[in-house]
Every structure is written in C-alpha cells, then in structure tokens.
Amino acid sequence: MREREKIRSSCSSNSMIMQKLYTPPQQLSSVLRSLESCKSMEDLKQIHSIVLKTKHFQTHLVWTKFISFCALSPLGNLHYAALVFDKVDNPSVNLYNVIIRAFASSKEKTSLENILYFYCEMLESGVIPDNFTIPFVLKACTKEKALREGEIVHCYAVKTGILSDVYVKNTLMRLYAVCGLYHAVKKLFTGSAQRDLVSWTTLIQAYANTDLPEEAVRAFLEMVETEFRADGKTMVIVLSACSKLKDLNLGRKLHRYMSDNKVNLDVFVGNALVDMYLKCGDVDFACKVFKEMPIKNVVSWNSLIAGLTHQGKFKEALNVFRRMQSEGVKPDNVTLVGVLNSCANLGALELGEWVHSYIGGNRIKPDGFIGNALVDMYAKCGRIDQASEVFKNMKRRDVFSYTSMIVGLAMNGQGEKALEFFSEMCVVGIKPNGVTFIGVLSACSHAGLVQEGKQLFKEMSSLYKIEPQMEHYGCLVDLLGRAGLIAEAIEFVRTMPIEPDTFIWGSLLGSCKTHGELELAETIMKKLVEIEPDKDGAYVVMSNIYSSANRQKDAIEIRKTMKERKIKKIPGCSVIELDGIVHEFRKGDKSHLRTKEIYSMLDEVMNGRNAIKNRKESSCHCVTKFISRVYEREIIVRDRNRFHHFKGGSCSCNDFW
DNA sequence: CTAGGGTTAG
C-alpha cells in the first residue's frame with residue numbers, strides 16, 4: 001500500500017499515464033500522443049523511461065518531439081532536455097534548432113555558453129546551420145552583448161550567403177543596435193535588398209540607443225513616407241526618442257499618427273505615451289492618457305510617478321502613489337525610488353521612513369538605486385545620521401551614494417564632514433563627477449573653507465578632468481562672496497570663460513546684502529534687471545538692502561517701480577508634512593481646512609515677538625529662531641539650498657543663508 | 001520552430 005502511494009505521488013494524478021506505466025504502449029504514435037497529454041515533469045520522465053526501455057521507440061521523430069516538449073514547455077526542464085539531446089546520435093538541424101531556441105529564450109545566465117557549445121558541435125559534425133539557427137544564436141549574443149561571438153556568426157552568414165535572409169539580417173542588426181554600433185546597423189540596412197518593418201524599427205532603435213533621437217525620428221518619418229506603416233512596437237521606440245527630445249509638438253504629431261493609422265493602444269504604447277507627455281512637459285495630457293488606458297501595469301504607474309517627480313510635481317507624484325496603493329497594485333523598486341525621490345524633495349520624512357520599513361518588510365535589499373535613493377531622502381530630510389546608517393550598510397557604494405552623502409552633509413552645515421567623505425571616495429577609487437563637485441564646493445562655501453574651495457575648484461579640471469559648468473562657477477562666486485572677498489568674486493566673474501547667468505549675479509547680490517556693499521549692489525541689480533526684466537528677485541533683494549541701510553525712501557521707490565512695471569512678488573511657499581500628508585502654505589493663503597486655528601496661533605506668536613520690541617529683523621529666519629527659544633522646540637527647516645536646525649534661539653547655519 | 005517595445009538615483 002505504501003509503495004503504491006509512493007508511485008502515485010511521484011506521478012501526477014493523470015490516470016492515463018498511470019495506465020501506460022503498467023501497460024507500455026506498443027505503437028509509436030501512442031507514445032507521441034501521451035507526450036501531448038503530459039501534465040508535469042514527472043509524466044515526462046515516465047515517458048522517457050518507456051522510450052528508453054523499448055528500442056523501436058528510439059527514433060529521431062520521438063527524440064525531437066520529446067526534447068522540444070521538455071525544453072520549451074513551461075512544465076519541462078531545459079537541462080534535462082539538454083542531457084537527453086547529448087544521447088541522440090547524429091542530431092538533425094531541426095533538433096539543434098530546438099535546443100538552441102530553448103536556450104536563447106531562457107533566462108539562464110549560461111545560455112550563451114550552452115548555445116555556442118551546440119553551435120560549434122553542429123559545425124564540427126557537418127550539420128549546416130540554417131535560416132532558423134542563426135537568428136537563435138544571434139538572439140543569445142544580443143542578450144549578453146557578446147559582440148565578438150556575434151561577429152563570428154556574421155562572418156559565417158556572409159560566407160554562406162545566408163545573410164540575405166531577412167530574419168538573419170534583422171537579428172544581426174539588432175545585435176549591433178543593442179551594442180550601440182549604429183554605423184554597422186546602417187550599413188546592413190542600406191546594403192539590404194529586402195527590408196521590412198522590423199528592419200526599419202531596428203534602425204530607428206539603433207539611433208535612439210546611441211543618443212541620436214533626432215536621427216531616430218528622421219528615419220521614422222522617412223519610413224512612413226516611403227515604405228511602411230508603423231505598428232505599436234515602432235511607435236514605442238519613436239515615442240521614447242521624442243521624450244528624449246522633449247519636443248511636445250512632435251509628440252502630439254506622433255499621437256495623431258497613431259490614431260489616424262489605428263495603431264493598437266496596448267499597455268506598452270500607453271506607457272510610452274504617458275512617459276512622452278510627461279517628459280515633454282504636458283502633465284495634464286499624460287494624466288488623461290493614463291486615466292484612459294484600458295490595461296495598466298506597474299510600469300504605467302512607475303512612468304507616471306517617476307515622470308511627475310521629474311517635472312517637480314512631487315506632491316502629485318505621492319498622490320498617484322497613494323492611489324496605486326488603494327488600487328492594490330504592488331510597488332516595485334522603480335516605484336519606490338520615485339516615491340523616495342519625491343519624499344526627498346518635499347522633505348516628507350514620515351512617508352520616506354514608511355518606504356524604508358516597507359523595503360525591510362519585503363526583504364528588498366537597500367542597495368543600488370534603492371540604497372542611494374534612501375541615503376538621498378534621509379540626507380535631504382535633514383536626517384544625516386540615518387543617511388549615513390543606510391550608507392554604511394550598503395554592500396556596494398558608487399559615485400551616487402557618495403555624492404548624496406556629500407551634498408546632504410553640505411546642506412546640513414557639516415562642511416568638514418562632507419570633505420572627509422570626498423577624500424574617502426577618492427581613496428577607495430570612486431571617481432567624482434560634476435555633481436560631486438557641486439556638493440564639495442558648496443560644503444566649502446558653507447563652512448567658510450575658502451582656500452580648500454579654491455584648491456578643489458582648480459583640481460576639478462586639472463586632476464579630475466571635469467570641465468566646470470555654470471553651477472561650479474556659481475559655487476565659487478558664492479564661496480568668495482560669502483567670505484566677504486567681494487572684489488575677488490567680481491574679478492572671478494569677469495574672467496570666467498562663460499557668460500555669467502542670473503544665478504551668479506544673484507549670488508553676488510546676496511553677498512553685497514550680507515556685507516553691506518550698497519553701491520556694488522546697485523550696479524548688479526541693474527545688470528540683473530537687464531537680463532530678466534520681469535523677475536521679482538533682484539527688486540526684492542535690493543529693496544531689502546535699502547531697508548537695512550536705513551534708506552526707506554529708496555526701498556519704497558523700488559517697490560513703486562515694481563508696481564509700475566507690473567512685477568508681482570511671487571509668494572513663497574512653505575511645505576510641512578504631518579502624518580504622511582503634505583500641507584502647503586502661501587502668504588495670505590486661507591485654503592487650509594484649519595486656517596482659523598493656524599492664524600490664531602500665528603497671531604499669538606507674533607504678539608509675543610512684538611512684546612519684546614525687536615521687530616527690526618522680521619525675516620522668517622529670525623522669527624523661527626524666536627519660536628525655537630520661546631516655545632522650546634527643536635525645529636528643522638529646509639530652504640532652497642540648505643537645512644537649518646533651530647534650537648534655543650540659534651541656528652546651525654550660523655546665520656549664513 | 002525564427003526578429004523589434006516602456007519606467008530607475010545625484
């Protein structure tokens with residue numbers, strides 16, 4: 001009884017197979033039929049044993065059928081099939097194609113190795129690869145970007161003339177496209193007498209992959225004008241090229257082309273459309289397309305979340321994430337990176353912490369993208385300790401991990417510590433990039449490390465071979481200006497090789513404010529107004545400079561000019577996260593549900609402040625210092641550039657802002 | 001029996 005149970009459980013409950021076990025089939029055809037009704041690997045093994053026991057079943061037809069089924073069916077086993085294959089005498093082209101095809105479409109790491117083994121064996125034993133074999137082999141080469149191996153196959157295809165087969169040529173073009181060799185793709189394409197939609201699509205992709213989106217679009221237009229109508233697969237590639245170009249007009253044309261030509265709007269095309277509209281800046285239309293997509297997958301949600309984050313619509317991105325949660329769609333790594341990025345930019349620490357624990361709960365390793373996004377989130381939310389905790393626990397740290405830490409430390413007023421991380425990263429052999437230097441230079445600026453900053457700026461091009469961009473010049477101007485070396489800053493701006501932008505002038509103006517350089521400020525203000533006459537920034541700073549110099553008349557004059565020129569002061573926006581909800585406040589804004597309570601509290605604070613008769617400085621920074629003392633609260637505030645840790649009436653930034 | 005698709009950090 002027990003033995004029977006064992007046999008029964010080792011087979012599936014398919015009674016037909018059980019019968020066959022006791023009464024082996026006499027007919028070859030019945031062996032083939034029983035193959036088709038297999039329900040599990042165990043069934044397959046039973047058939048294998050029947051074939052092995054009976055000599056007259058061991059024909060090429062049976063082996064081919066058996067190996068096909070075992071290698072290609074989801075209930076089969078590729079390695080078992082390969083073992084059976086090794087026992088077959090003189091396998092046919094067909095049989096080789098079966099086993100090579102199976103390895104080419106498997107996710108195995110060793111698939112290329114196995115395929116090349118079979119391919120060589122085939123050539124050695126005099127079996128000639130055909131127009132099916134070559135595409136399978138090339139597919140595996142493409143997966144591994146095995147260019148050298150692919151080139152050998154290319155040679156074979158040229159020598160035997162099989163390159164004229166359109167499938168062979170297209171798979172070869174695809175290999176070169178994926179490896180970024182668009183010249184090789186173009187050459188094959190041009191020299192081809194016979195080309196189809198896939199050939200064109202591969203050419204378009206070759207351009208798109210090599211960062212030549214204009215060329216990709218040009219090829220697409222040529223195709224639709226001369227030869228073929230595009231399908232969904234072509235459109236996905238063209239749309240993503242359009243996303244790179246950020247060309248909304250083109251994007252709309254492509255969308256119209258799709259409706260005019262009835263291109264099926266499947267989930268891939270829909271995702272590409274959502275991505276395109278977001279990257280081209282049409283957020284509303286992206287949401288509309290997303291809403292109308294009949295089928296969505298996790299990538300659709302990711303595209304929307306990442307795209308909104310990219311457009312600076314952080315609050316909206318988090319709202320989409322909440323909707324995704326409520327619809328029961330499971331987030332993946334890409335989702336969480338997007339969410340963390342939004343948290344970082346909003347300072348939404350609570351949600352960021354939730355994501356961190358979600359990652360822990362789902363055994364996602366906080367490494368790579370996720371780890372870096374966590375470090376960045378904590379650093380930008382002012383939690384340097386947690387940031388460095390995640391950083392320490394990462395198995396592999398790259399330039400992004402270090403840069404996040406350096407930028408974070410600089411923002412939080414720990415300039416020296418930032419420079420320590422910079423040296424460490426150089427010691428462990430990670431090459432800094434342009435963004436790292438923005439962090440390093442702003443760390444020097446904040447910590448008042450003038451000599452170090454100047455030195456690093458020099459080394460940036462001489463030692464690290466990074467060409468300084470506008471932001472880097474800006475950092476140095478900031479560094480000199482804040483340190484009161486205004487003359488040197490001016491000289492630096494005068495001699496820099498690129499035309500200074502408004503940020504550089506703005507930074508100088510800020511320094512003039514801090515160091516009371518009134519006349520110079522007036523000159524710079526004129527310059528700024530020249531460059532961007534309808535921006536409010538320069539006017540506001542200048543009027544503040546006049547006010548602090550007790551020149552109220554001039555300050556009022558500036559406000560008057562602003563009114564005359566119809567320049568409105570853009571109200572600043574403050575953001576606070578409470579219990580995972582982000583609240584926004586603007587000057588005079590009464591839209592919050594608890595406006596009454598909020599304003600009455602504000603009145604109380606301001607009354608308290610007026611009572612101590614110290615109204616001269618009424619900046620937000622000053623008021624927050626006051627609040628931290630009177631209400632005994634530790635307050636962490638982030639402005640556009642850095643963090644302020646207020647405690648007991650003073651601030652970590654040493655009033656350096 | 002064969003080839004082509006979208007999202008990702010500073």
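Since we're looking at a predicted model, the values are computed, not measured. These numbers come from the heavy atoms of this one structure, side chains and all, not from hydrogens, waters or symmetry mates.
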Are Y167(A) and the base of dT2(B) stacked, counting only ring centres nearer than 5.5 Å and planes tilted under 30°? yes

W301(A) and F290(A) aromatic ring geometry - parallel, tilted or perpendicular at 30°/60° bounds: perpendicular

Indicate whether F132(A) forms a stack on dC1(B); treat it as stacked only if centroid distance is below 5.5 angstrom and interplanar angle below 30 degrees. yes

Using 30° and 60° as the class boundaries, would you call the ring planes of Y80(A) and F66(A) parallel, tilted or perpendicular? tilted

Without decimals, in angstroms, what is the distance between H310(A) NE2 and dA9(B) P? 7 Å

In whole Å, I'd like the distance from the CG atom of L374(A) to the C1' atom of dT8(B). 14 Å

Between H154(A) and Y176(A), how do the two ring planes meet: parallel, tilted or perpendicular, split at 30° and 60°? tilted

I162(A) has an atom CD1; how far is it from atom P of dA3(B), in whole Å? 15 Å

Establish whether the base of dG4(B) is bridged to the side chain of T234(A) by a donor-acceptor pair shorter than 3.5 Å. yes

Taking the minimum atom-to-atom distance to the side chain of K233(A), which one of dC1(B), dG4(B), dA9(B) wins? dG4(B)

If you round to the nearest 0.5 Å, how far is CG of L248(A) from NE2 of H255(A)? 12.0 Å

Just the rounded figure in Å: distance from P of dA9(B) to CD1 of I438(A). 16 Å

Rounded to whole Å, how long is the line connecting atom CG of N264(A) with atom C1' of dG4(B)? 16 Å

Against the side chain of S303(A), the closest entry in dT2(B), dG4(B), dT7(B) is dT7(B)

In whole Å, what is the span from the NZ atom of K139(A) to the P atom of dC1(B)? 15 Å

Please give me every residue in residues 170-197 of chain A whose heavy atoms get under 4.0 Å of an atom in DNA chain B, ordered by residue number. N170(A), T171(A), R174(A), D196(A), L197(A)

